[in-house]
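Contents: one structure, followed by commentary.
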Amino acid sequence: MTPPTLKQSVGSAHTRIYSYGAARGEVAVPNEDLIGPIDSSDEWIRQRTGIITRTRALEGTTAIELATDAAREAIERSGVDPSQIDAVLVATVSNPKQTPSVSAIVADRVGANPAAAYDLNAACAGFAYGVAQADALVRAGAATYALVIGTEKLSDIVDPTDRSISFLLGDGAGAVVIGPSDTPGIGPTVWGSDGSKADAVGMNHTLNEFRAGTAPWPTLRQEGPTVFRWAVWEMVKVARQALEAAGVEASDLAAFVPHQANMRIIDEFAKQLGLPETVVIGRDIETTGNTSAASIPLATHRLLAEHPELSGGLALQIGFGAGLVFGAQVVVLP
């Protein structure tokens with residue numbers, strides 16, 4: 001007997017980002033508040049990172065609250081009813097609990113039940129990974145509208161005395177609504193990882209070690225020079241691949257929004273790519289800090305607020321971080 005032929009769903013031929021939303025920690029923390037424990041200075045931090053101040057959340061605010069606020073703004077700006085959102089993807093490394101997922105809680109809070117919901121951990125590349133997956137879900141017919149959020153409360157997992165990373169980190173969330181489009185709005189994603197260098201940046205201990213009393217509370221740490229070299233030299237290659245995959249040149253870009261890791265990395269990135277002066281570069285790190293998975297949507301949200309003329313233009317976004325995970329794509333700005 002001939003088995004029945006299965007049906008497979010088919011979605012929109014193209015997708016685009018409809019809108020951005022953002023939420024930053026409630027407190028602005030200047031360099032002067034952090035220099036004592038690391039025996040440093042405001043000048044030292046500014047020269048090495050470009051950070052003047054960073055936003056951090058109050059004790060009672062978690063990555064979940066930040067994600068909810070950013071999501072609500074993105075949904076409101078999108079014109080899509082929250083009940084029509086059928087997939088919620090949250091990129092984060094700072095869920096206050098191992099489970100349940102941030103995504104399921106946020107889906108409920110914004111009125112998207114019973115949307116499919118899951119968290120993904122790709123560190124500072126998380127938002128780019130989420131956009132790639134949402135784009136694929138909509139084009140495959142697995143979702144009509146998807147909500148992608150990058151959210152972090154990194155102040156919960158930082159050691160104030162760690163000179164390698166403590167002064168870099170901030171708290172915040174950025175969100176986008178992605179849905180069908182008549183024309184291409186999200187280019188192919190170039191993504192990958194190099195787990196052989198996983199020790200270069202990540203958590204210094206496990207929760208099991210902490211519970212057993214053999215290690216202090218796990219916190220983020222990094223080998224700064226290793227991460228800097230990798231980000232500048234290897235990620236520039238990835239950015240070029242993303243441009244080529246999208247069929248555009250650097251001169252076609254209206255904006256460049258890299259992960260807000262370090263101002264020196266951002267500036268060297270732009271130089272290596274040969275970006276013309278007409279390209280507006282996201283430098284949100286100066287007053288927000290490094291917010292890992294939230295940094296790209298936060299920086300883009302600020303660029304669109306300050307430069308509304310960027311709407312409809314092309315932006316190259318690239319994330320890279322712990323586990324040496326990376327992702328890049330060219331998108332059309334809403």
Side-chain angles (χ1 to χ4, degrees), residues 22-63 66 70 93-94 123-124 150-174 200-204 216-232 257-271 280-303 305-306 319-322:
R24 290 175 170 80
E26 301 94 336
V27 182
V29 181
N31 293 334
E32 287 84 354
D33 287 5
L34 305 177
I35 58 179
I38 60 173
D39 189 24
S40 185
S41 67
D42 172 60
E43 181 183 12
W44 185 86
I45 294 175
R46 291 193 190 211
Q47 286 180 348
R48 282 161 177 76
T49 70
I51 298 174
I52 298 173
T53 185
R54 76 281 296 135
T55 59
R56 290 190 172 173
L58 297 171
E59 183 176 351
T61 301
T62 70
L66 293 167
V93 298
S94 49
C124 308
T151 185
E152 304 289 8
K153 189 183 181 187
L154 299 178
S155 57
D156 283 345
I157 49 176
V158 63
D159 176 0
T161 67
D162 187 342
R163 193 178 174 89
S164 77
I165 201 169
S166 64
F167 52 89
L168 286 168
L169 305 178
D171 303 331
V201 56
M203 304 299 287
N204 59 352
W217 175 252
T219 58
L220 284 167
R221 36 76 54 206
Q222 70 171 344
E223 296 174 6
T226 300
V227 175
F228 184 90
R229 288 192 298 270
W230 174 75
V232 170
V257 191
H259 164 52
Q260 304 292 292
N262 180 305
M263 193 73 80
R264 292 165 61 203
I265 291 176
I266 294 171
D267 291 341
E268 186 62 28
F269 227 135
K271 178 181 176 182
V280 181
I281 301 173
R283 290 190 170 90
D284 191 49
I285 189 172
E286 185 176 59
T287 55
T288 301
N290 178 342
T291 53
S292 189
S295 75
I296 290 175
L298 280 174
T300 307
H301 181 275
R302 174 161 284 169
L303 282 188
E306 296 176 348
F320 46 88

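We use all heavy atoms of the structure for the numbers below, so side chains are in, but hydrogens, waters and symmetry mates are not. Just so it is clear, the structure is predicted and the values come from calculations on it, not from any experiment.
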Apply side chain to side chain contact (heavy atoms under 4.5 Å, CB included) to Ile165 and Leu220, showing your working.
CA-CA 7 Å; Ile165 201 169; Leu220 284 167; 4.3 Å; yes
Shortest non-hydrogen contact from [X] toward [Y]:
{"X": "Thr151", "Y": "Ala63", "result": "OG1-O, 2.7 Å"}
{"X": "Ala123", "Y": "Ala293", "result": "O-CB, 3.5 Å"}
{"X": "Pro160", "Y": "Val158", "result": "CD-O, 3.5 Å"}
{"X": "Ala294", "Y": "Gly174", "result": "CB-N, 4.1 Å"}
{"X": "Gly321", "Y": "Cys124", "result": "CA-CB, 3.9 Å"}
{"X": "Ala200", "Y": "Thr226", "result": "CB-CG2, 4.0 Å"}

Let me confirm one number: the [atom1]-[atom2] distance from [X] to [Y], rounded to the nearest 0.5 Å.
{"X": "Asp42", "Y": "Ile52", "atom1": "CG", "atom2": "CD1", "result": "8.0 Å"}
{"X": "Asp156", "Y": "Asp171", "atom1": "CG", "atom2": "CG", "result": "7.0 Å"}
{"X": "Ser166", "Y": "Arg221", "atom1": "OG", "atom2": "CZ", "result": "13.0 Å"}
{"X": "Leu168", "Y": "Leu34", "atom1": "CG", "atom2": "CG", "result": "10.0 Å"}
{"X": "Glu223", "Y": "Ser164", "atom1": "CD", "atom2": "OG", "result": "9.0 Å"}
{"X": "Arg302", "Y": "Leu298", "atom1": "CZ", "atom2": "CG", "result": "8.5 Å"}

Just do the side chain to side chain contact (heavy atoms under 4.5 Å, CB included) check on Ile38 and Phe167 with the steps written out, would you?
CA-CA 9 Å; Ile38 60 173; Phe167 52 89; 3.6 Å; yes
Would you confirm whether [X], through its side chain, and [Y], through its main-chain N or O, come within 3.5 Å as a donor-acceptor pair?
{"X": "Thr53", "Y": "Val29", "answer": "yes"}
{"X": "Gln260", "Y": "Ile296", "answer": "no"}
{"X": "Lys153", "Y": "Leu58", "answer": "yes"}
{"X": "Arg56", "Y": "Leu154", "answer": "no"}
{"X": "Asn204", "Y": "Pro218", "answer": "no"}

Are side-chain N/O atoms of [X] and [Y] paired as donor and acceptor at under 3.5 Å?
{"X": "Arg54", "Y": "Asn290", "result": "no"}
{"X": "Thr49", "Y": "Asn262", "result": "no"}
{"X": "Thr288", "Y": "Arg24", "result": "yes"}
{"X": "Thr61", "Y": "Glu26", "result": "yes"}

If we only count heavy atoms from C-beta on, is the Thr300 to Pro297 side-chain gap below 4.5 Å?
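Not touching, per the 4.5 Å side-chain cut-off.
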Does a side-chain heavy-atom distance below 4.5 Å link Arg163 with Trp44?
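Arg163 reaches Trp44 side chain to side chain.
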State which residues pass side chain to side chain donor-acceptor pair (under 3.5 Å) with [X]; sequence neighbours excluded, sorted by chain then number.
{"X": "Asp159", "value": "Thr161"}
{"X": "Arg48", "value": "none"}
{"X": "Glu152", "value": "Thr92, Ser94, Ser292"}

Using the salt bridge (Lys or Arg N to Asp or Glu O under 4.0 Å) rule, take Asp267 and Arg283 through it: C-alpha gap first, then chi angles, then the decisive distance, then the call.
CA-CA 9 Å; Asp267 291 341; Arg283 290 190 170 90; 2.9 Å; yes
Angle class for the Trp230/Phe320 ring planes (parallel below 30°, perpendicular above 60°, tilted otherwise)?
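Trp230 and Phe320: perpendicular rings.
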Can you confirm whether Glu306 is buried at CD, in the sense that more than 12 heavy atoms of other residues, nucleotides or ligands lie under 6.0 Å from that atom?
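Yes.
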Could you give me the CA-CA distance, side-chain angles and deciding distance for Ile51 and Ile285, then say whether side chain to side chain contact (heavy atoms under 4.5 Å, CB included) is met?
CA-CA 6 Å; Ile51 298 174; Ile285 189 172; 3.6 Å; yes
What verdict does the side chain to side chain contact (heavy atoms under 4.5 Å, CB included) test give for Glu268 and Lys271, after you've listed the backbone C-alpha separation in whole Å, the side-chain angles of each residue and the deciding distance to 0.1 Å?
CA-CA 5 Å; Glu268 186 62 28; Lys271 178 181 176 182; 4.1 Å; yes
